[in-house]
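Below is one structure, written out as structure tokens; the observations come after it.
What you see below is based on every heavy atom in this structure, not just the backbone, and it leaves out hydrogens, waters and symmetry mates. Quick note on labels: first sequence line is chain A, next is B, and so on, each numbered from 1. Remember, predicted model here, so these are calculated numbers, not experimental data.
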Number of protein chains: 2
Amino acid sequence: MIGCDPMNSRYSRATQQLKKHNIRLSNRRLKVLECLCNKLDHPTADQIFVNLHKEVPSLSKTTIYNTLHTLVEIGLVRTLNIEANKTRYDIITEDHGHFGCQTCGRIFNVNIELESLAKGELSGFNIWERNLYFKGICQKCLLNKNKNREVVY
Amino acid sequence: MIGCDPMNSRYSRATQQLKKHNIRLSNRRLKVLECLCNKLDHPTADQIFVNLHKEVPSLSKTTIYNTLHTLVEIGLVRTLNIEANKTRYDIITEDHGHFGCQTCGRIFNVNIELESLAKGELSGFNIWERNLYFKGICQKCLLNKNKNREVVY
DNA sequence: AATAAAAATGTAATCATTACAATTTTTATT
DNA sequence: AATAAAAATTGTAATGATTACATTTTTATT
């Protein structure tokens with residue numbers, strides 16, 4: 001099940017992958033990786049920065065970008081372009097989709113199998129990446145909205 | 001069939017919609033709309049600007065953004081966030097997906113029905129928008145690559 | 001400890017987009 | 001047609017995410 005993988009397992013598998021690619025397990029890189037494993041809410045580079053800044057004040061944003069690019073390059077992390085001008089990062093690379101709530105801003109994971117989609121039409125194409133996302137209002141926000149309605153009117 | 005609609009039909013339906021929403025059919029707005037109807041290759045705001053600048057040199061980028069926002073607001077145009085930090089605009093609002101070639105940069109339309117996807121899991125959610133995109137290399141670029149291989153090696 | 005390679009840093013630059021105040025155009029009313 | 005109000009458009013400056021790059025720090029190897 002997506003998201004149910006214990007953090008340590010994902011983290012240790014990632015470090016193994018880094019070793020395999022001869023990428024050093026520097027403290028900074030591991031911090032970024034750790035952050036991605038802990039925060040599965042698809043953080044932006046800036047959110048990772050803010051998050052780690054408490055712990056490692058000298059960590060620069062450039063290092064975060066560098067590390068994220070490295071992780072994306074070797075396929076350990078995927079980018080999400082749901083919102084314009086805001087790249088989000090997802091350590092869960094297994095086949096799934098997303099739902100972005102336009103009220104609370106949360107990005108939900110959606111269990112969905114994308115491998116089989118559009119196989120025929122794209123038969124001559126080389127597919128590297130499949131992305132499905134929905135936009136709308138999540139259940140919780142819909143309920144809140146109705147609650148507020150009752151109060152206001 | 002997607003993309004097979006004659007430009008004039010789509011354009012005139014769009015102007016009707018604008019009227020219906022009490023949005024003036026100014027020359028500038030119509031130029032942007034016309035450009036979107038002619039260029040179905042999912043242009044960016046800048047590409048629209050460059051394209052129209054030849055014809056209407058005094059047209060500002062702000063007006064293009066303003067118009068695009070208006071068109072998106074009333075549902076005549078959809079935004080595409082395939083690439084990071086680059087919003088593309090699509091006048092074809094009918095249900096379909098996209099394929100972005102990472103070699104030539106072209107965005108292909110993919111006939112695919114998205115309405116029925118993830119209905120169950122998102123049953124309590126209000127879905128405004130569904131987006132599916134693929135990344136990879138298109139057929140033509142794959143063939144070119146192989147051609148080059150033969151020459152080089 | 002000396003050296004070379006890799007990693008990390010801070011600053012400045014870039015690029016898309018937005019904010020906003022000023023100007024021009026259009027519309028409705030007289 | 002004159003006028004006032006509303007809407008549209010403009011240019012400039014600001015913002016915010018990301019990248020470029022030169023410099024410094026860390027690490028691995030001798």
Side-chain angles (χ1 to χ4, degrees), chain A residues 14-15 18-36 42-53 55-74 76-90 100 105 107, chain B residues 15 18-35 42-53 55-74 76-90 100 105 107:
Chain A
T15 56
L18 285 171
K19 273 186 206 156
K20 204 177 278 180
H21 283 84
N22 286 317
I23 293 159
R24 275 191 212 151
L25 307 180
S26 69
N27 283 349
R28 305 282 152 115
R29 282 192 182 137
L30 293 178
K31 276 290 161 201
V32 173
L33 190 60
E34 191 188 309
C35 183
L36 282 163
H42 322 90
T44 62
D46 190 67
Q47 286 170 341
I48 295 171
F49 175 74
V50 169
N51 213 264
L52 291 178
H53 194 260
E55 220 184 318
V56 194
S58 66
L59 179 65
S60 78
K61 221 175 225 185
T62 306
T63 295
I64 290 174
Y65 276 112
N66 287 343
T67 304
L68 288 171
H69 292 163
T70 304
L71 294 173
V72 168
E73 214 163 286
I74 64 174
L76 276 180
V77 165
R78 290 186 52 176
T79 56
L80 257 60
N81 299 126
I82 302 185
E83 295 130 313
N85 311 317
K86 203 178 266 189
T87 303
R88 293 180 172 277
Y89 297 88
D90 194 351
I107 312 278
Chain B
T15 56
L18 285 171
K19 272 186 208 158
K20 205 177 279 177
H21 283 84
N22 285 318
I23 293 158
R24 276 189 212 152
L25 306 180
S26 70
N27 283 349
R28 305 283 151 116
R29 282 191 182 138
L30 292 178
K31 277 289 161 201
V32 173
L33 190 60
E34 191 189 308
C35 183
H42 322 89
T44 62
D46 190 67
Q47 287 170 340
I48 295 171
F49 175 73
V50 170
N51 212 265
L52 291 178
H53 194 259
E55 221 184 318
V56 194
S58 66
L59 179 66
S60 78
K61 221 175 228 186
T62 307
T63 296
I64 290 175
Y65 276 110
N66 286 344
T67 303
L68 288 170
H69 292 163
T70 305
L71 294 173
V72 168
E73 214 163 286
I74 65 174
L76 276 180
V77 164
R78 290 187 53 177
T79 56
L80 258 60
N81 299 127
I82 302 186
E83 295 130 312
N85 311 317
K86 201 178 268 189
T87 302
R88 294 181 171 277
Y89 296 87
D90 195 350
I107 311 279

- Message: Any base atoms under 4.0 Å from A:Asp46, or only sugar-phosphate, or nothing? Heavy atoms, all strands.
- Response: nothing
- So does A:Arg24 get a side-chain nitrogen or oxygen closer than 4.0 Å to the phosphate oxygens (OP1/OP2) of C:dA5? no
- Note on the structure: Encoded 5' to 3' (Watson-Crick or G-U under 3.5 Å; [ ] crossing; | other strand), DNA chain C becomes ||||||||||||||||||||||||||||||
- Please state how far atom CG in B:Leu68 lies from atom P in C:dT18, giving the value in whole angstrom units. 10 Å
- Nearest-nucleotide check on DNA chain C, A:Thr62 vs A:Asn85; residue mapping nearer the 5' end is A:Thr62
- Message: What is the separation between atom CD on B:Gln47 and atom C1' on C:dT17, rounded to the nearest whole Å?
- Response: 15 Å
- Message: Measure CG/B:Leu18 against C1'/C:dT26 and give the value in whole Å, please.
- Response: 16 Å
- Taking B:Arg29 for its side chain and B:Arg24 for its backbone only, find out whether a donor-acceptor pair lies under 3.5 Å. yes
- Please report, rounded to the nearest Å, how far the P atom of C:dT23 is from the CG atom of B:Leu59. 20 Å
- Indicate, with a heavy-atom threshold strictly under 4.0 Å, whether B:Thr44 touches base, sugar-phosphate, or nothing. nothing
- Message: Is the phosphate of D:dA7 approached by B:Ser26 (side-chain N or O, under 4.0 Å from OP1 or OP2)?
- Response: no
- Would you please test B:Leu68 and B:Thr87 for side-chain contact (heavy atoms from CB on, under 4.5 Å) and show each step? CA-CA 11 Å; B:Leu68 288 170; B:Thr87 302; over 6 Å; no
- Message: If I take atom CD1 in residue B:Ile23 and atom C1' in nucleotide C:dT27, what distance separates them, rounded to the nearest angstrom?
- Response: 16 Å
- To the nearest angstrom, the OH-P distance between B:Tyr65 and C:dC15 comes to 13 Å
- Message: Is there a side-chain contact between A:Thr87 and the phosphate of D:dT18, meaning an N or O under 4.0 Å from OP1 or OP2?
- Response: yes
- Message: Suppose we screen for salt bridge (charged side-chain N to carboxylate O under 4.0 Å, His left out). Which residues come up paired with A:Lys86, at least two apart in sequence or across chains?
- Response: none
- To the nearest angstrom, the NZ-P distance between A:Lys61 and D:dA20 comes to 17 Å
- side-chain contact (heavy atoms from CB on, under 4.5 Å) between B:Thr63 and B:Val32, worked out: CA-CA 9 Å; B:Thr63 296; B:Val32 173; 5.6 Å; no
- Between A:Pro57 and A:Glu55 the two heavy atoms that sit nearest each other are CD-O, 3.5 Å
- Query: Starting at NE2 of A:His69 and ending at C1' of D:dA20, how long is that distance when rounded to a whole Å?
  - Reply: 12 Å
- Query: Which residue lies toward the 5' end of DNA chain D, B:Ala84 or B:Ser58, if each is placed at its nearest nucleotide?
  - Reply: B:Ser58
- Message: Quick check for you: to the nearest 0.5 Å, what is the distance between B:Leu33 atom CG and B:Leu30 atom CG?
- Response: 6.5 Å
